[in-house]
Protein chains: 2
Amino acid sequence: MGDTGGGTPRERYRAQVRSEIKAHAWEQLATAGASALSLNAIARQMGLSGPALYRYFAGRDELITELVRDAYRSLADTLRAAGAAGPDLPALAHALRGWALQDPQRYFLVYGTPVPGYHAPDDITAIAREIMATLLDACAALPPGGPARPFDTHLAEHGKWADGHPAGPATLHRALTFWTRLHGLLSLELAGHFTGMGFDPALFFAAELDDLIGPPQD
Amino acid sequence: MGDTGGGTPRERYRAQVRSEIKAHAWEQLATAGASALSLNAIARQMGLSGPALYRYFAGRDELITELVRDAYRSLADTLRAAGAAGPDLPALAHALRGWALQDPQRYFLVYGTPVPGYHAPDDITAIAREIMATLLDACAALPPGGPARPFDTHLAEHGKWADGHPAGPATLHRALTFWTRLHGLLSLELAGHFTGMGFDPALFFAAELDDLIGPPQD
DNA sequence: TGCGTTCGTTAGAAGTTGTAACGCATCGCG
DNA sequence: CGCGATGCGTTACAACTTCTAACGAACGCA
C-alpha cells in the first residue's frame with residue numbers, strides 16, 4: 001500500500017495525480033458508464049482546469065485504455081488468488097461472479113460492447129491469456145467428464161490459443177464453455193435483463209456451474 | 001414494401017424522412033458504434049442542417065431508443081419466422097446466430113453494455129417477452145431431457161416471467177440456458193474475443209447447441 | 001384564394017475534446 | 001547556495017457536439 005518510494009519526487013507526484021485521476025474516473029464510470037466519462041468533469045472535481053489533465057493522459061482514449069488495463073489486471077489477480085490454494089473451479093466461478101457484481105461497469109469494460117475500430121494493446125491481450133491459463137489450470141484438475149465429443153477433435157487441431165499449456169482437448173472444451181456460459185449469464189444479469197423475471201440469478205448461476213463440473217452423465 | 005398510402009401527404013413525407021434518418025443512423029452504427037452516432041453527421045449526409053432533424057426526433061436519445069425498438073422488432077420477427085414451420089430449436093438458434101452476425105452492433109444494441117440510468121419503455125419489454133415466448137414454444141416441443149434438477153423446483157415457484165405460457169419448469173430451465181449460453185458465445189464472438197484463438201466459432205456454437213438439445217445422458 | 005400548420009433555416013448557448021502559448025514553481029546540478 | 005532546465009497549471013482558442021429560439025418560406029386543406 002504505502003509504496004511512496006517510487007523515485008524522484010516529480011515521478012512520485014505524477015504517479016499520485018495519475019492514480020487520483022483514475023479514481024475519479026472509476027467513480028464516474030460506475031455511476032454513468034464509460035460513454036459519459038468526461039475529462040473536464042474529472043478536472044472540475046479535482047479543482048483544476050480542463051487541459052491540465054493532458055499532462056497525465058494523452059487523451060480520453062488513453063485514459064480509458066488504462067482503465068481497461070487495470071480492470072483486466074484486477075480480474076486476473078482475483079482469479080489467480082481464488083486458484084492459489086489449489087485448482088478449484090467453483091472457487092474460480094464465485095470469484096468471477098463476485099468481481100462482476102462488485103462493479104458491473106468494470107465488467108463491461110472488459111467483456112462489454114466493443115468499439116469497432118479499437119484494438120487492444122499487446123500487454124492487455126497478454127493478461128487475457130493469463131486469465132485463460134488460470135482457467136485451464138482449474139479445468140485440468142477436474143475429474144474427466146463424459147465421452148469425447150466432436151468439437152474436442154476440432155480443438156485438438158485448432159487449439160493454438162492454449163499453446164504451452166499441457167491440457168487435453170476435453171479440458172480446452174471445458175474451459176471454453178466455462179467462460180462463455182458464465183459470461184452469458186453474468187452479462188445478462190448485470191445488464192438487468194433478468195429483473196422482473198422472478199427467479200434468483202445466484203441459483204441459476206449455481207445450476208450452470210453444477211452442469212459444468214459434473215454434467216448429468218448417468 | 002410499397003406502403004406509400006399512409007394518410008395525408010405530410011404524414012407520408014414525415015414517415016419517409018424519419019426512415020431515411022434511421023437508415024443513415026444504422027449505417028453509422030454499424031461502422032462506428034452507438035457512442036459515435038452523431039445527429040449532425042446524419043444531417044450533413046442528408047444535405048440539410050443540424051437542427052432540422054429535431055423536427056423528427058426529440059433528440060439523440062429518442063433516435064437511439066427508436067433504433068433499439070427496431071432491433072428488438074427485427075429479432076422477434078426473425079425468430080418468429082424461424083419457428084413458423086413448427087417449433088424447431090436448432091432453426092431458432094441458427095436464425096439467432098445469423099441475425100447477430102449480420103450486424104454485430106445491432107446485436108449489441110439489444111444485448112450489449114447498458115447505460116446505467118436508462119430504462120426501456122414498456123413496448124420494448126413487451127417485444128422482449130414475445131421473444132421469450134417464441135423460445136419457450138420451441139423448448140416445449142423438445143423431447144424431455146434428463147432428470148429434474150434443483151433449479152427446476154425454484155423456477156416452478158419463481159417463474160412469474162413465463163406467465164400465461166403452459167410450460168413446465170424443465171422447459172423454462174431449458175429456455176433460460178438456451179438464452180444465456182448462446183448469448184455468451186455470440187457476445188464474445190462478436191466482440192472479437194475469439195480472434196486469434198484458432199478454433200471455429202461456428203463449430204463451438206454447434207457443439208453448445210447439441211448440448212442444449214440432447215444433453216449427454218447415457 | 002387564403003390561412004394555418006409544418007418545415008428548414010440561421011443564430012446562439014452550453015457542453016465536450018484537444019492544441020498552443022505563456023508564467024511560475026520546483027527539482028537537480030554545479 | 002544559486003542558477004538553469006524541466007515540468008506543471010493556467011488562459012485562450014479552434015472544432016466539434018447536442019439542443020433551443022426565432023424567423024421565413026413552402027405546403028396542404030378548406
Side-chain angles (χ1 to χ4, degrees), chain A residues 4-29 31-68 105 109 115-118, chain B residues 4-29 31-68 105 109 115-118:
Chain A
T4 56
T8 75
R10 281 226 153 109
E11 277 170 349
R12 279 188 289 125
Y13 179 74
R14 185 178 176 77
Q16 216 255 310
V17 175
R18 268 181 75 100
S19 83
E20 193 173 339
I21 293 173
K22 291 203 280 185
H24 286 277
W26 280 116
E27 198 175 338
Q28 269 193 30
L29 210 87
T31 53
S35 60
L37 200 155
S38 158
L39 287 197
N40 269 353
I42 294 175
R44 271 195 302 275
Q45 284 179 357
M46 295 180 63
L48 38 90
S49 280
L53 298 196
Y54 287 80
R55 297 275 178 204
Y56 301 94
F57 295 95
R60 217 184 87 111
D61 286 4
E62 193 182 289
L63 174 56
I64 290 186
T65 297
E66 188 80 11
L67 297 179
V68 172
Q105 288 297 322
L109 215 52
V115 178
Y118 182 77
Chain B
T4 56
T8 74
R10 280 225 151 109
E11 276 170 350
R12 280 188 289 125
Y13 179 74
R14 186 177 176 77
Q16 216 254 309
V17 175
R18 267 180 75 100
S19 85
E20 193 173 340
I21 293 173
K22 290 204 283 187
H24 286 278
W26 279 118
E27 198 175 339
Q28 268 193 31
L29 210 88
T31 52
S35 60
L37 199 155
S38 157
L39 288 195
N40 269 354
I42 293 175
R44 272 195 302 274
Q45 284 179 357
M46 294 180 64
L48 37 90
S49 279
L53 298 197
Y54 287 80
R55 299 278 178 202
Y56 302 94
F57 294 96
R60 216 184 87 111
D61 286 4
E62 192 183 288
L63 174 57
I64 291 185
T65 298
E66 188 80 12
L67 297 178
V68 172
Q105 288 296 321
L109 216 51
V115 179
Y118 181 76

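Chain naming here is simple, since letters A, B, ... match the order of the sequence lines and numbering starts at 1 in each.
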Separation of C:dC7 atom C1' from B:Arg18 atom CZ, nearest Å, is 15 Å
Taken to the nearest whole Å, CZ/A:Phe57 to C1'/C:dT17 is 16 Å
Taken to the nearest 0.5 Å, the spacing of B:Leu29 CG from B:Leu63 CG works out to 9.0 Å
Between CZ of B:Arg12 and P of C:dC7 the distance, given in whole Å, is 14 Å
Taken to the nearest whole Å, CG/B:Leu53 to P/D:dT20 is 13 Å
So CG of A:Asn40 and CD of A:Gln45: to nearest 0.5 Å the spacing works out to 11.5 Å
Out of C:dT10, C:dT16, C:dG8, minimum distance to the side chain of B:Ser49 belongs to C:dT10
Can you see if the side chain of A:Ser38 gets near the phosphate of C:dG15 - specifically, an N or O under 4.0 Å from OP1 or OP2?
no
From CD1 of B:Ile42 across to C1' of D:dC19 the rounded distance in Å is 15 Å
Separation between CD1 (A:Ile21) and CD (A:Glu66), nearest 0.5 Å, reads 10.5 Å
Rounding to 0.5 Å, atoms OH (B:Tyr118) and OG1 (B:Thr65) come to a distance of 3.5 Å
Taking only nitrogen or oxygen atoms into account, show me every contact under 3.5 Å that the protein makes with nucleotides 23-30 of chain C, one pair per line with its distance.
unit_1: C:dT26; atom_1: O2; unit_2: A:Arg10; atom_2: NH2; d: 3.1

Output for pair (B:Met46 CE, B:His24 NE2), nearest 0.5 Å, gives 5.5 Å
Has B:Asn40 got a side-chain N or O lying under 4.0 Å from the OP1 or OP2 atom of D:dC16? no
Whichever of B:Arg14 and B:Pro51 has the more 5' nearest nucleotide on DNA chain C, that residue is B:Arg14
Taken to the nearest whole Å, CZ/B:Arg44 to P/D:dA15 is 14 Å
To the nearest angstrom, the CG-C1' distance between B:Leu63 and D:dC19 comes to 14 Å
Check the phosphate of D:dC16 against A:Arg60, side-chain N and O only, distance under 4.0 Å to OP1 or OP2. Yes or no? no
message: Categorize A:Tyr56 for me: base, sugar-phosphate, or nothing, with a 4.0 angstrom heavy-atom threshold over every strand shown.
response: sugar-phosphate
When rounded to the nearest 0.5 Å, the distance separating CZ of B:Arg60 from CD1 of B:Ile42 is 9.5 Å
(request) Considering just the side-chain nitrogens and oxygens of B:Tyr13, establish if one lies under 4.0 Å of OP1 or OP2 belonging to C:dT5. (result) no
Correct closest heavy-atom pair for A:Glu62 and A:Phe57 would be OE2-CA, 3.7 Å
Whole-Å distance, B:Ile21 CD1 to C:dC7 P, equals 11 Å
